[in-house]
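Below: the structure, in structure tokens.
Any value given below was found using the heavy atoms of this structure, including those in side chains, with hydrogens, waters and symmetry copies removed.
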Amino acid sequence: PKTNEKMKLIVALCLFGLALAAPQFQNQQQQQLRNVNPNNFLRTISYDVAPIHNANFRYAYETENNIRAEKVGSEGSQGQSNMQGSYSFETPEGDHVQVNYIADEGGFRAESPWIPVAPPMPA
């Protein structure tokens, strides 16, 4: 009889512990959501989109904090959409980063002085 009572007490304490732990996690998530200020979202300064026709498309946009992107798609040799474009932004330190890229039959190639270069292969 005493073992049964101890087991009930242990189960009750475990359930109590779970009940205390669960709301804390939910409260953290709710607090984080409350801290999101809708006024912190960035405005889009410009947005230009050309209609998609087969594999051909074009779009460009810029946000108020100088994030820019543009991409042009054209039909490739096998009906796929070849793409080329660029994106740019400013780092927290104030440096301007721009990446230009091409994606076509030859694969994806990006160019920027900001992209790290792998060391040469050993001989």
Side-chain angles (χ1 to χ4, degrees):
K2 288 191 173 194
T3 304
N4 194 16
E5 289 175 16
K6 287 182 183 179
M7 194 65 136
K8 287 180 184 179
L9 180 62
I10 290 172
V11 169
L13 288 174
C14 288
L15 290 174
F16 182 72
L18 285 173
L20 285 177
Q24 292 173 359
F25 181 69
Q26 290 173 353
N27 287 339
Q28 285 175 341
Q29 287 179 331
Q30 290 169 354
Q31 185 63 36
Q32 288 172 347
L33 290 175
R34 277 190 222 114
N35 290 338
V36 173
N37 182 349
N39 297 326
N40 286 341
F41 293 109
L42 298 172
R43 284 183 317 125
T44 300
I45 294 173
S46 66
Y47 184 71
D48 182 30
V49 176
I52 298 173
H53 179 69
N54 296 332
N56 301 309
F57 67 90
R58 177 179 51 80
Y59 76 81
Y61 67 86
E62 179 180 358
T63 63
E64 65 184 342
N65 68 339
N66 297 322
I67 295 173
R68 295 181 181 100
E70 59 183 54
K71 186 186 294 188
V72 175
S74 58
E75 190 168 341
S77 62
Q78 299 173 2
Q80 80 280 4
S81 183
N82 290 343
M83 297 176 227
Q84 74 178 50
S86 66
Y87 60 89
S88 62
F89 59 92
E90 290 183 12
T91 67
E93 296 77 27
D95 296 316
H96 181 77
V97 175
Q98 180 166 341
V99 177
N100 301 312
Y101 60 89
I102 296 175
D104 59 14
E105 293 87 355
F108 179 82
R109 299 172 305 283
E111 295 178 352
S112 173
W114 290 88
I115 297 174
V117 178
M121 293 289 290

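Counting non-hydrogen atoms of other residues, nucleotides and ligands closer than 6.0 Å to CZ of Phe108 gives a total above 12.
Taking all atoms of both residues into account, the shortest heavy-atom contact from Ser86 to Asn100 is CB-OD1, 3.1 Å. Minimum heavy-atom separation, Gly73 to Ser81: CA-OG, 4.0 Å. Of all heavy-atom pairs spanning Ile45 and Glu64, the tightest one is CD1-CA, 3.3 Å.
To the nearest 0.5 Å, atom OG of residue Ser77 and atom CG of residue Asn82 are 7.0 Å apart. The distance from atom OG of Ser46 to atom CZ of Arg68, rounded to the nearest 0.5 Å, is 8.5 Å. Here Met83 contributes atom CE and Ile102 contributes atom CD1; the two are 12.5 Å apart, rounded to the nearest 0.5 Å. Distance check: Asn65 CG to Leu42 CG gives 4.5 Å after rounding to the nearest 0.5 Å.
A ring pair (Phe, Tyr, Trp, His ring centres under 6.0 Å) check over residues 67-88, counting only residues at least two apart or in different chains, returns nothing. Sorted by first and then second residue, the salt bridge (Lys or Arg N to Asp or Glu O under 4.0 Å) pairs with a member in residues 80-97 form an empty list; sequence neighbours excluded. Contacts classified as salt bridge (Lys or Arg N to Asp or Glu O under 4.0 Å) and involving residues 69-84 (residues at least two apart or in different chains) are not found. Every pair tested for salt bridge (Lys or Arg N to Asp or Glu O under 4.0 Å) that includes a residue from residues 114-123 fails, sequence neighbours excluded, so the list is empty.
Not a single salt bridge (charged side-chain N to carboxylate O under 4.0 Å, His left out) links Glu105 to another residue, sequence neighbours left out.
Val72 and Tyr61 fall into different hydrophobic clusters, defined by Ile, Leu, Val, Met, Phe, Trp and Tyr side-chain heavy atoms under 4.5 Å apart, directly or through other members.
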Could you list the donor-acceptor pairs under 3.5 angstrom formed by side chains in residues 110-123, with sequence neighbours left out?
| from | atom 1 | to | atom 2 | distance (Å) |
| --- | --- | --- | --- | --- |
| Ser112 | OG | Gln98 | O | 2.7 |
| Ser112 | OG | Trp114 | N | 3.1 |
| Trp114 | NE1 | His96 | O | 3.3 |

